[in-house]
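Every value quoted in this text rests on a predicted model; they were computed, and no experiment measured them. Computed from heavy atoms alone, side chains included, the values below leave out hydrogens, waters and symmetry copies. Quick note on labels: first sequence line is chain A, next is B, and so on, each numbered from 1.
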2 protein chains.
Amino acid sequence: MTMEDGISKSPGYCGDTDGDYDVLQWDTREDCEVRQILDRIADKWSLLVIALLDQRSLRFTELRRRIDGISQRMLARTLRHLERDGLVSRTVYPTVPPRVDYELTPLGATLHHTIRALVTWTEEHQNQIAFARAAYDARVAVEQETADREAAEREAIARDVLAAGAGRVARMPSESRRPR
Amino acid sequence: MTMEDGISKSPGYCGDTDGDYDVLQWDTREDCEVRQILDRIADKWSLLVIALLDQRSLRFTELRRRIDGISQRMLARTLRHLERDGLVSRTVYPTVPPRVDYELTPLGATLHHTIRALVTWTEEHQNQIAFARAAYDARVAVEQETADREAAEREAIARDVLAAGAGRVARMPSESRRPR
DNA sequence: CGGAATCCGCCACGATACTG
DNA sequence: CAGTATCGTGGCGGATTCCG
């Protein structure tokens, strides 16, 4: 049992939830527990699993087939994490072909609403984001191009000066300049 | 310009947002754009930056100091990603000590509510999760222990059998079986 | 079928140093 | 001050194999 990943034995509270927290101090308490939990539930696969488990309980292979990009290792890991966090429950039927069902716990069900909100936001704004990205990329590309041109120009000038400085006549080698 | 990370030039749509999407098919369209955006905004630092930028605009160093765990590299990267996605805007004041302000765009402001919801959920349920984890860990520890004991027992039996077999005729080793 | 264990590539992230 | 460039490393995640 290598334990491989960062499952800490001791939760180690760092700040209680007394309800007196301030939005402006939210950042300070960030790297305690909230951050960790957030990273866990918002990771690559957890969102998917929770979303799929919302309506009905599913078996391991069913989940595997529905998610499609996931490896059995990652699915097992994700499910164990979610089970550990009390978000999904695991029930084993000791039949001849072993069968294991996963379903959302009440706690997991409450999370689902929040997750849906996030996903919905993403869906609703993905075109805006795509547009913003395209604009940004275009702007960067232009800047890059002009920077390249200017750099080439400077280089050509430097070459010219050097050539003129180097002994003898040396006619303008500016012909070697490569406009792009 | 190494481009280092996965900033793809071409967005590459894979499913339009025609409003006719079904919750049950949400999983299938997962690995297209939504997943990518989700990973971006829910990553380790973006949430923090957006949360901090909610009320007022901040300079680079101000953000750096407030987040505290972050390296200048990650902050720069995060800010550029958010800028690219059109969630924060960057304004440069060409003063003698250069000054750069970051603030949320309207789009970024809309995201803030959703993020707050997620964080709030986490804050409200972190004790439940901690409890579930403790219970899970305890259960696993117990199972682990019993498994170890049984393994040791089996090993002892195996040793007995081998010793009996090595020593000539070997009387029925079934006596060494430990009924449980 | 439902995993656990092992090996391994790769890249995300952090620390450091340099630029404008 | 506000970054970029370079390097080193831990761990995430995939492929494979074995077990109950």
Value rounded to 0.5 Å, distance of CG in Asp54(B) from NE2 in His113(B):
7.5 Å

Please state how far atom CZ in Arg64(B) lies from atom C1' in dC1(D), giving the value in whole angstrom units.
12 Å

Could you walk me through whether Arg139(B) and Glu83(A) satisfy the salt bridge (Lys or Arg N to Asp or Glu O under 4.0 Å) test, starting with their C-alpha distance in whole Å, then the side-chain angles of each, then the deciding distance to 0.1 Å, before giving a yes or no?
CA-CA 12 Å; Arg139(B) 234 179 45 212; Glu83(A) 185 194 0; 3.3 Å; yes

For the pair made of CZ in Phe60(B) and C1' in dC1(D), what is the distance, rounded to whole Å?
9 Å

With rounding to the nearest 0.5 angstrom, report the OG1 to CZ distance, Thr78(B) to Arg73(B).
10.0 Å

Choose from dG14(C), dG3(D), dC13(C) the nucleotide whose nearest atom is closest to any side-chain atom of Trp45(B).
dG14(C)

Spell out protein contact along nucleotides 15-20 of chain C as letters: B when the base is contacted, S when just the sugar-phosphate is, - when no protein heavy atom is under 4.0 Å; keep the 5' to 3' order.
BB---B

Do Asn127(A) and Phe131(A) come close enough that some side-chain heavy atom pair is under 4.5 Å?
no

Which of residues 86-95 of chain B have a heavy atom under 4.0 Å from DNA chain C?
none

Rounded off to whole Å, could you give me the CG-to-C1' distance for the Leu58(B) and dC1(D) pair?
15 Å

Rounded to whole angstrom units, what separation is found between the CG atom of Asp43(A) and the C1' atom of dG14(D)?
16 Å

So if I take every side-chain heavy atom of Pro97(A) and compare against dC13(C), dC1(C), dC1(D), which nucleotide ends up nearest?
dC1(C)

Rounded to whole Å, the CD-P distance (Glu143(A) to dG3(D)) equals 13 Å

Contact class for Met74(A) vs. all strands (heavy atom < 4.0 Å): base, sugar-phosphate, or nothing?
base

Rounded to the nearest 0.5 Å, how far does CG of Leu52(A) lie from CG of Leu47(A)?
11.0 Å

Over how many whole Å does the gap from Leu48(B) atom CG to dC13(C) atom P extend?
13 Å

For Trp121(A), which residues count as a ring pair (Phe, Tyr, Trp, His ring centres under 6.0 Å) partner, sequence neighbours excluded?
His125(A)

Nearest-nucleotide pick for Tyr102(B), side chain only, options being dG3(D), dG14(C), dC13(C):
dG3(D)

Between Arg59(A) and dC1(C), is there a contact of a side-chain N or O with OP1 or OP2 at under 4.0 Å?
no

Check this one for me: any side-chain N or O of Arg80(B) less than 4.0 Å away from OP1 or OP2 of dT4(D)?
yes

Calculate, to the nearest 0.5 Å, the distance between atoms CG and NE2 belonging to Leu87(A) and His112(A) respectively.
12.5 Å

Without decimals, in angstroms, what is the distance between Asp39(B) CG and dA12(C) P?
11 Å

With rounding to the nearest 0.5 Å, note down the distance linking CZ in Arg133(A) to CD in Gln36(B).
4.5 Å

Which heavy-atom pair separates Ser46(A) from Ile41(A) by the least distance, and what is that distance?
CB-O, 3.6 Å

To the nearest angstrom, how far is Leu75(A) atom CG from dA4(C) atom C1'?
14 Å

